[in-house]
Structures are given as structure tokens and as C-alpha cells.
Novice: 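Before I ask anything, here is the structure I am working with.
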There are 2 protein chains.
Amino acid sequence: MLTRKIADSTVRRLAIYLRFLEEFERQGADTLSSEALAARAGTTSAQVRKDLSFFGSFGKRGLGYDVHALARQLRNILGLTRRYRVLLVGAGRLAGALTQYAEFGARGFDIVVVVDKDPAKIGMRWAELVIADVTDLENIVKRARIDIAILVTPAAPAQALVDRLVAAGVTAMLNFAPVQLHVPAGVDVKNVNLAVELETLSYAIQHRGSS
Amino acid sequence: MLTRKIADSTVRRLAIYLRFLEEFERQGADTLSSEALAARAGTTSAQVRKDLSFFGSFGKRGLGYDVHALARQLRNILGLTRRYRVLLVGAGRLAGALTQYAEFGARGFDIVVVVDKDPAKIGMRWAELVIADVTDLENIVKRARIDIAILVTPAAPAQALVDRLVAAGVTAMLNFAPVQLHVPAGVDVKNVNLAVELETLSYAIQHRGSS
DNA sequence: TCCTGTGAATTAGTTCACAGCG
DNA sequence: CGCTGTGAACTAATTCACAGGA
């Protein structure tokens, strides 16, 4: 793993390429050019080749890429050859939707625990999951061997929860709360802010025709 | 609106600054430095000033920014001085979570219609919303004067639905389906791919310590 | 003095263009 | 040939650093 710093945009595109490779795989394609993959993924062939080149030479000149082999390589690169144990922090409606989100499971992410602080929710069952008490967060993280936490809480308690998660040894988090979380080096946080996405659309609507 | 092309990353940050400005506003702060705003938003003061400078000079040298005035400016820039009528395409669990997502309403995005193709769902009530038949998509878009569509469907039908939405006059969409959508110029699509976010985390986990 | 606003310098990311291998 | 892999060229984004107004 001699990889120097790879841009986040590159990693995202690799994940997207993998999706389309698997689609081509299902359609029975054996070989694929960077051009064809780029068309599907909405980028350019040079971008595809450059992205892949950071990790090795996976193609055959004059031919393209072996669909199966490249998919396998991308799964290796992305760390998708194992399964991850995911904790949901917050048992609201978005959390409920995420537990049912089939794509997570298909890609190796298993939601194994949900915690909340609301006594009315604690003990409730969501399919095979039972909502646990956030008070026990540290024990749960350890006993359930959590790899990744997904924060689906209001903004206010998010930082305190992150501090507890970090102290308990969680090093990767996906944050839906609209706050900037502070974590020590060695811990990765990715933010998803749905309202911000809509606001970039409202910006675009506002600034039409002024090109 | 003399604005030349502004980077997407800049627009996102403006939306984030606005959040923190409103937080400072609630706490009764009147004035704020780029440094303080940057600290809260997880960036640098130079970045804050540069982002704002694309749109004007909003600060006072030696003092900082007037919190209220800057918030008002950002709402102008982002097009948040009006409300937007939003259509949800797909009535799954994620859609259900989005209808309850208070932040949307707080920021001016009103979900006014939900459509689905499942006869078992059509006619069901979600609070004040009644799930409509996607067959009537074109009429609904027009009658409900839809500004923005949110696609919360499986990958397969997404492109066909987008084509219908575009034909019906929708020019801004937020896409949760894991496909690359093709739209004509003048139509904006933002993608949210939750599985890709988790995959960037699995990449980060995989590539630890190899810096 | 303090902190903004902004050109200039730097760094990062993308695209070009072609050598080289199958 | 055809298509990859990759330096080189270019473009975009961020950071620096400081002039100048409050």
C-alpha cells in the first residue's frame, strides 16, 4: 500500500466506477475501455485512466480492462473485501430509513446496533435490531466491535457523542448532523448535509441566465 | 447578478457559513471576524474572505462582519429569500424520512407532493400529504408548480423519470438513486450517494498508517 | 491597531497528447 | 492499429501576505 495522498474526488469516482463495472459485469461484458466507463460515469476517459494509474496498471493496451479483474482491484483499493460493523447513533426516521437501505448491506456495511436516548424508543424493535440506550455507548461500541458510526442526531448533542465515540475507539464516522465536528488526527469524518445540497440547487436556480 | 462561474465548493461553504451565522445570531452576537467564522466552519479565515469576495465587500476593516447583515447577504446570494415547492419522486422509507426533515422547511423547502407507482401506496396519507400516482407526474408538476424534484427511487427507473420531469419543466433535482443522470443544459442535478460516502470511509480505514 | 479585501504565489486537480505495448 | 499509462500543460482552488480603510 504505497499510496501517497489521493484526492477525495478520486476515491469517490473509484466507488462510482465500481458500481458501473458491476453493472457491466451483470450484463455479461468481459472487457471495457476507459472511454465506455467514462461515458457511463459522466467523466472523461483520461480521468478514468489517471484515477486508476494512482494504484497501478490494470488495463491492456489496445484492449481495455478486464471487467472482473478491475472490479476486484477496485474492491481491494476501496477496502470492500471485508464487512464493516456499523452503529447508528439516533433512532429517528432517517435512521430507520438507513436500516432498510439495501445498498449498504450489499456493499458490506452491516448496521448492527442502533442507540437513542429517548426512553420511549429504547427497547423498541426495528426488524432484527433492538434500540439500545445511548448511555451504554462505550460498552456497545466495544462489545459489538463497531467499525463505523453514523450520526443521525440533532446538531446540539453531536459533538459530545463524537467525543465519546472517539474515546471508545471509533475511527470512522458519517455525520448527518449540521455541525462541523472536531476529531483528533487518525479519525475520519465525512459529512452529509441534505439541506446544503438543496441550497446549492436554490443557488443554481437563482443564478440562471447570468452566465 | 454579475457573478461569473462560482465553484460548487464555494457555494457549499456559503451555505455552511449561513448556518453558523444564524447560530451566532441566536446567541446574540452582533459582529464576527472571518477568523471566528472559519474556526466554526472548519476552514481558514482567508478562505472565508475569498468566498465572500466573489459576491461583494460585506465586512468592515478592523471590525469584522455584521452578523445580521452578512446572514441577509448570504440568504440573497443563495436564493433563500423565497420558498421552493419540492416534489418527492418515490415513497419509500427515505422519502418518508425526508418529509419529516424539519431543516428543509426551516430553510424554505416545502415538500408539497409525493408520488409513487405502487398502487398499495397511492392514496396513503403521510401527515398532510397524500401519495399521488406517478402516472400523473406531468400534471402534478404543473398544477403544484414544482420548483425542485427529489429522486428517491431505485436506479432502474430514475433516468426515465428524469426525462419526464425535464419535459414537464423541472430544472433542479436532487438525486439519491445510484446512477449518473443525463439532463440537457439549463437543468441542474446534484447527486447524493450514501453508499459512496461509506465507501470513502472504508477507503480511509484501509489506508491508515501508510502515509 | 485590527481585520478585511485581494492580487500574487502556491498547490491541487484535470485535460492533453503521445510514446509504447499488446 | 487501438487503447492504456503518464509526463507535461493547463486550469482551478487554496493559501499567503500585505496594502489600506475603519
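In what follows, chains are A, B, ... by sequence order, proteins preceding strands, each numbered from 1.
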Novice: Using whole Å, report how far CZ of B/R49 lies from C1' of D/dT14.
Specialist: 13 Å
Novice: Do any side-chain nitrogens or oxygens of B/S34 fall under 4.0 Å of OP1 or OP2 in C/dT4?
Specialist: yes
Novice: Measuring to OP1 and OP2 of D/dT14, would you say a side-chain N or O of B/R13 lies under 4.0 angstrom away?
Specialist: yes
Novice: For A/H207 and A/Y203, take the angle between the two ring planes, folded into 0 to 90°, and tell me which bin it lands in: parallel under 30, tilted 30 to 60, perpendicular over 60.
Specialist: parallel
Novice: Starting at atom CG of A/L32, determine the distance to atom C1' of D/dG2, rounded to an integer number of angstrom.
Specialist: 15 Å
Novice: Want to settle it: does A/Q47 or B/G56 sit nearer the 5' end of DNA chain C, counting the closest nucleotide to each?
Specialist: B/G56
Novice: Nearest whole Å is fine: how far is C/dG22 C1' from A/K60 NZ?
Specialist: 9 Å
Novice: Can you tell me the distance, in whole Å, between the CD atom of A/E35 and the C1' atom of C/dC16?
Specialist: 14 Å
Novice: In the structure I gave you, are the side-chain heavy atoms of B/M173 and B/V166 within less than 4.5 Å of one another anywhere?
Specialist: yes
Novice: Is there a donor in the side chain of B/E197 and an acceptor in the side chain of B/N193, or the other way round, less than 3.5 Å apart?
Specialist: no
Novice: Counting only side-chain N and O atoms of B/Y65, is one of them less than 4.0 Å from OP1 or OP2 of C/dG5?
Specialist: yes
Novice: Take the protein atom NZ of B/K50 and the nucleotide atom P of C/dG5, then report the distance between them rounded to whole Å.
Specialist: 12 Å
Novice: B/E199 and salt bridge (Lys or Arg N to Asp or Glu O under 4.0 Å): which partner among A/R19, A/R12, A/K190, A/R75?
Specialist: A/R19
Novice: How long is the line joining CG of B/L37 and C1' of C/dC3, in whole Å?
Specialist: 14 Å
Novice: Give the intermediate values and the outcome of salt bridge (Lys or Arg N to Asp or Glu O under 4.0 Å) for residues A/D147 and A/R85.
Specialist: CA-CA 5 Å; A/D147 300 303; A/R85 300 175 62 82; 5.6 Å; no
Novice: In whole angstrom, what separates B/R12's CZ from D/dA13's P?
Specialist: 13 Å
Novice: Look at the side chain of A/R61 and the base of C/dG20, then say whether one donor and one acceptor between them are separated by less than 3.5 Å.
Specialist: yes
Novice: Find the distance A/D8:CG to D/dA12:P and express it as a whole number of Å.
Specialist: 20 Å
Novice: Is any side-chain nitrogen or oxygen of A/S33 closer than 4.0 Å to OP1 or OP2 of D/dC3?
Specialist: no
